[in-house]
Amino acid sequence: MKKRLVDLGKLANQLKKRGKLKQAEETYQELLNLDRYNTYALVGIGDMKRRARAFDAAIGFYRECLSVESDNWHALVGLGDAYRGLKNLDKALSAWYRCLKFRPHDHKTMTRVADCLKKKGEFEASKKYYVMALKMSPRDPYALMGMGQIAVREKDDEKALDFFEQVLEVSPRSVIALTATANIHRKRRDFREAIALYDHALKINPRNSHAWHGKADCLRGKKEYTSAIGAWNRALENGMDRRIGLSRIGDSYIRLHDLNMAETNYKKAMEIGYDKYAFLGISKIHEMRGQPEKAFEILSVLVRKEPQDQRIHSESRRFVNKYPDMVKAFSMANGADN
């Protein structure tokens, strides 16, 4: 019986490594049928459920394992991963902190904790765990990536670039690192370098909407508006927020003086939900068509909706300075105190 249990465990592990997950789960279940409290099988099935994104089921198996063996490190790691999948970050952290009690030098668990703390907005605590992970494993790409992302948030682009470049030395096909590096070059208006990095990322993953969006923004910066529209359409095809993408496309059509297409895209964006850029775009179209009353009406809506927005106030002031008589007449006609 003991040999049978060992053989089934080895077979399940081999099937899992070869990506035959259904057969692996069936083998783990066979092992569990022979030994109801087999922790290896309980963790194995938990892992299979987690990979299938059946997180609640996975948690059940991990917890059953921990009821048999309370310090089973693999069950604790899996439990944390499953809670992360459910976006329950506090329970994920609780499981991983227990992992670190048993293996205090495990850099992968440190990185998990750091990632989780970053998602919670606890950036200093997150940074502490990334640093701990890098002391254990200086080339860990996930810890390097996390430190780079925090550096971006801290507006330290040089430090961020250093971390992202280290990621690319370890994982040259990391689309996340390529896109993050490109974003910094785009911010610096080094559009040529940024586009080259976005293109590299898109060769690896042609469906990456962030890379398409970044490339489109660079093309807009180069005044290549038709190409930018094409790139934003590709971003939309691959999951970019439609409201944002359609507003960007509307902006580019205005630059091309195609007001009808600009209006069509802004209106599509507005059908999805409120978007101040789409409203600003529609206001600009009315002004360009010689309809300042309609333009001011849209601006008035924006000022009411977003009284603290500096861009809207700036645009409103510009408009009032350009059409003082029209604004006064419009305000009086609508009983406004302007």
Side-chain angles (χ1 to χ4, degrees), residues 152 157 175 178-292 294-299 301-302 306 309-319 322-323:
V152 167
D157 289 346
V175 171
L178 285 165
T179 303
T181 306
N183 289 343
I184 293 174
H185 287 287
R186 172 165 57 98
K187 180 180 172 184
R188 294 176 169 180
R189 301 188 67 79
D190 183 0
F191 298 131
R192 184 175 179 179
E193 179 64 23
I195 288 172
L197 288 161
Y198 288 130
D199 281 340
H200 189 178
L202 289 166
K203 282 181 181 176
I204 298 166
N205 179 9
R207 297 183 61 80
N208 187 284
S209 65
H210 300 290
W212 279 116
H213 171 44
K215 181 177 179 177
D217 205 40
C218 290
L219 291 166
R220 177 176 61 175
K222 293 178 70 181
K223 301 185 178 1
E224 297 177 19
Y225 301 114
T226 301
S227 296
I229 289 167
W232 266 313
N233 275 317
R234 292 296 302 275
L236 289 173
E237 289 169 9
N238 291 291
M240 180 183 177
D241 185 306
R242 290 193 62 76
R243 183 174 49 81
I244 295 171
L246 289 165
S247 292
R248 299 292 188 275
I249 290 170
D251 293 345
S252 293
Y253 274 119
I254 279 187
R255 296 287 188 175
L256 292 169
H257 304 287
D258 188 339
L259 302 188
N260 290 334
M261 284 299 294
E263 184 176 24
T264 295
N265 282 277
Y266 286 137
K267 285 184 174 178
K268 285 181 180 177
M270 292 163 73
E271 286 171 5
I272 297 168
Y274 170 74
D275 185 278
K276 74 176 182 182
Y277 299 106
F279 269 77
L280 282 168
I282 290 288
S283 175
K284 189 177 293 185
I285 288 171
H286 286 316
E287 187 177 348
M288 293 171 77
R289 286 174 172 165
Q291 301 168 323
K294 289 185 176 181
F296 186 65
E297 192 172 350
I298 296 288
L299 278 175
V301 171
L302 282 168
E306 304 203 41
D309 190 285
Q310 291 303 310
R311 178 172 175 180
I312 290 169
H313 273 290
S314 176
E315 185 63 23
S316 183
R317 284 194 298 271
R318 179 199 66 77
F319 191 91
K322 185 175 180 180
Y323 300 102

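In this chain, residues are counted from 1 in sequence order. Values below: all heavy atoms of this structure, side chains included; hydrogens, waters and symmetry mates excluded.
Summarising the geometry, atom CG belonging to Asp275 is positioned 4.5 Å from atom CZ belonging to Arg243; distances are rounded to the nearest 0.5 Å. The structure places CZ of Arg186 at 10.0 Å from OG1 of Thr179, a figure rounded to the nearest 0.5 Å. Asp157 CG to Lys187 NZ: the interatomic distance, rounded to the nearest 0.5 Å, is 3.5 Å. Atom CG of Leu280 and atom CD1 of Ile312 lie 5.5 Å apart (nearest 0.5 Å). If you take OH on Tyr323 and CZ on Arg318, they are separated by 7.0 Å, rounding to the nearest 0.5 Å. If you take CG on Asn265 and CG on Asn260, they are separated by 11.5 Å, rounding to the nearest 0.5 Å.
Summarising the geometry of Tyr277 relative to Ser247, their closest heavy-atom pair is CB-CB, 4.3 Å, with the distance given to 0.1 Å. Residues Ser283 and Ala295 share a closest heavy-atom pair of OG-O, 3.1 Å. Smallest separation of non-hydrogen atoms from Lys215 and Asp199: NZ-OD1, 2.8 Å. Nearest heavy atom pair, residue Ala235 against residue His213, reads CB-N, 3.9 Å. Taking both residues in full, the closest heavy atoms of Gly250 and Ala262 are given as O-CB, 3.5 Å, listed atom of the first, atom of the second, then distance. Residues Gly281 and Ile254 share a closest heavy-atom pair of O-CD1, 3.9 Å.
Ion pairing between Arg220 and Asp217 holds under the 4.0 Å rule for side-chain N and carboxylate O. Taking the charged nitrogens against the carboxylate oxygens, Glu315 and Lys276 have no contact shorter than 4.0 Å, which rules out a salt bridge. Ion pairing between a basic and an acidic side chain is recognised when a charged N comes within 4.0 Å of a carboxylate O; Lys322 and Glu287 show such pairing. In summary, Glu237 and Arg234 engage in a salt bridge, as defined by a charged side-chain N under 4.0 Å from a carboxylate O.
Contact annotation: the side chain of Ile282 approaches that of Lys267 to within less than 4.5 Å [non-hydrogen atoms, C-beta and beyond]. Side-chain contact between Lys268 and Ile249 is absent, with no heavy atoms from C-beta onward closer than 4.5 Å. Counting only heavy atoms from C-beta outward, the side chains of His257 and Met288 approach each other to under 4.5 Å. The shortest side-chain heavy-atom distance between Glu306 and Phe279 does not fall under the 4.5 Å cut-off. Within the 4.5 Å cutoff, the side chain of Ile229 has no heavy atoms near those of the Met261 side chain. In this structure, Asp258 and Tyr225 have side chains that are not in contact, with every pair of non-hydrogen atoms separated by 4.5 Å or more.
Within a 6.0 Å radius of CZ in Arg289, more than 12 heavy atoms belonging to other residues, nucleotides or ligands are found. The 12-atom threshold is not exceeded at CZ of Arg255, counting heavy atoms of other residues, nucleotides or ligands nearer than 6.0 Å. Applying the 6.0 Å contact sphere to NE2 of His210 captures no more than 12 heavy atoms from other residues, nucleotides or ligands.
A side-chain contact (heavy atoms from CB on, under 4.5 Å) with Leu246 holds for exactly one of Leu236, Asp251, Asn233; it is Leu236. Considering Thr181, Asn208, Asn183 in turn, Asn183 is the only one that fulfils the side-chain hydrogen bond (donor to acceptor under 3.5 Å, both in side chains) rule with Tyr198.
Below 30°, between 30° and 60°, or above 60°: for Phe319 and Phe296 the angle between ring planes is below 30°, a parallel geometry.
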